[in-house]
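What follows is a set of notes on a single structure, which appears directly below.
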Number of protein chains: 2
Amino acid sequence: MNVETALQKLKEKGYKRTKQRERILEIFVNQDQYIAAKEILKEIQTDFPGVSYDTIYRNLYMLTDVDLLEATELGGEKHFRLCCDTHGHHHHFICTDCGKTKSIEFCPMDSINESLNGYDVENHKFEIYGKCPQCH
Amino acid sequence: MNVETALQKLKEKGYKRTKQRERILEIFVNQDQYIAAKEILKEIQTDFPGVSYDTIYRNLYMLTDVDLLEATELGGEKHFRLCCDTHGHHHHFICTDCGKTKSIEFCPMDSINESLNGYDVENHKFEIYGKCPQCH
DNA sequence: ATTTAATTCGTAATCATTCTTATTTGTGAG
DNA sequence: CTCACAAATAAGAATGATTACGAATTAAAT
């Protein structure tokens with residue numbers, strides 16, 4: 001996934017192309033890991049000193065909405081990462097040191113649906129936390 | 001699990017018996033679901049108008065520490081529930097309407113360790129969200 | 001180029017959680 | 001039972017992430 005493809009997808013959905021959005025997308029394309037809102041803000045402020053949290057959050061949520069990003073809560077902060085929908089649904093190992101992730105192709109829901117008769121499953125979360133080989 | 005058993009366990013660990021703790025435990029014993037800190041506070045204030053958030057959080061964390069409660073983050077708030085360690089490690093279906101839970105005996109980590117060679121797994125989270133039969 | 005709706009800025013408000021200090025309370029020893 | 005001390009609590013302020021809002025700016029369509 002590159003920045004242009006992502007912006008194209010936004011255009012199709014009726015969202016405008018802005019410098020701030022380009023920059024936000026660049027950050028995610030360059031870093032294959034979950035990033036907190038405040039880190040995005042810090043990064044962007046080097047180019048656009050005036051950006052506000054409002055802009056960051058609005059765009060992060062919008063990008064999550066159109067499935068360009070996926071979100072999770074880590075240590076009380078929302079974190080986002082590029083949603084690599086080149087391969088299908090999957091989960092992640094998340095390094096609690098460096099934040100880098102490793103895809104887990106296995107989804108536990110495959111083995112489980114029969115035991116939830118009568119329950120309307122809307123969503124699920126499966127994440128593994130620990131230290132990656134580099135940080136270990 | 002009843003309140004007296006829980007207080008006994010606390011005493012063994014050197015924690016004192018206080019009216020606030022009794023009341024907190026009562027709430028959890030009576031409700032088999034994840035509860036937010038502020039709901040605990042509201043409930044307790046009917047008996048102890050002066051309780052502070054500090055007391056709530058301090059006790060919730062302490063109770064989680066001694067494995068009487070388990071915690072999770074739902075909608076940006078920490079939630080707690082009685083940890084029924086009568087049966088071993090397990091996960092939960094959580095109803096997004098009423099908050100009630102259903103135990104899932106299956107743990108995905110059993111099927112996965114071989115694919116994480118070199119990774120130091122410290123923790124994992126597996127939760128299923130949706131509507132229970134009553135709320136559906 | 002003009003218009004229009006989306007987007008951003010700047011700042012203030014909100015909400016959950018944590019911290020600080022003084023006071024109160026439970027517990028075990030005498 | 002009473003005392004002393006450590007532990008626990010109360011009260012309110014501080015923090016930090018997130019959300020909200022009106023005014024100003026900007027992208028894109030006509």
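Since the model is a prediction, treat every value here as computed from it, not as a measurement. Values below: all heavy atoms of this structure, side chains included; hydrogens, waters and symmetry mates excluded. First the proteins, then the strands, lettered A, B, ... as listed; each starts at 1.
Among the heavy atoms of the strands lying under 4.0 Å from B/R21 are primed sugar atoms or P, OP1, OP2 only; no base atom is included.
Minimum atom distance to the side chain of A/E77 is reached by D/dA17, of the listed D/dA10, C/dT7, D/dA17.
D/dA17 atom P lies 14 Å from atom CZ of A/F80, rounded to whole Å. For the pair A/E22 CD and C/dT8 C1', the interatomic distance rounds to 15 Å; values are reported in whole Å.
A sub-4.0 Å separation between OP1 or OP2 of C/dC15 and a side-chain N or O of B/K78 is absent. Residue B/S52 has no polar side-chain atom (N or O) positioned under 4.0 Å from OP1 or OP2 of D/dT9. Listed pair B/K38 / C/dA16 meets the phosphate criterion, a side-chain N or O lying under 4.0 Å from OP1 or OP2. OP1 or OP2 of D/dT19 has not a single side-chain nitrogen or oxygen of A/R58 nearer than 4.0 Å. Side-chain N/O atoms of A/Y61 include one lying less than 4.0 angstrom from OP1 or OP2 on D/dT19. Using a 4.0 Å cut-off, no side-chain N or O of B/Q20 falls inside it from OP1 or OP2 of C/dT25.
Between B/E73 and A/V51, it is A/V51 whose nearest contact on DNA chain C lies nearer the 5' terminus.
Taking the six-membered ring where the residue is Trp, the centroids of A/H91 and B/H124 are separated by 6.0 Å or more.
Every side-chain hydrogen bond (donor to acceptor under 3.5 Å, both in side chains) that B/R58 has, sequence neighbours left out, goes to B/T55. Under the side-chain hydrogen bond (donor to acceptor under 3.5 Å, both in side chains) criterion, B/N2 pairs with B/T5, not counting sequence neighbours. A/K38 pairs by the side-chain hydrogen bond (donor to acceptor under 3.5 Å, both in side chains) definition with A/E77, not counting sequence neighbours. Shown here are the side-chain hydrogen bond (donor to acceptor under 3.5 Å, both in side chains) partners of B/T96, two or more places apart in sequence or in another chain: A/E122, B/K131. Under the ring-ring contact (aromatic ring centres under 6.0 Å, His included) criterion, B/F28 pairs with no residue at all, not counting sequence neighbours.
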Going 5' to 3' through nucleotides 22-30 of chain D and flagging B where a protein heavy-atom sits under 4.0 Å of the base, S where only the sugar-phosphate is that close, and - otherwise, we get -----BS--
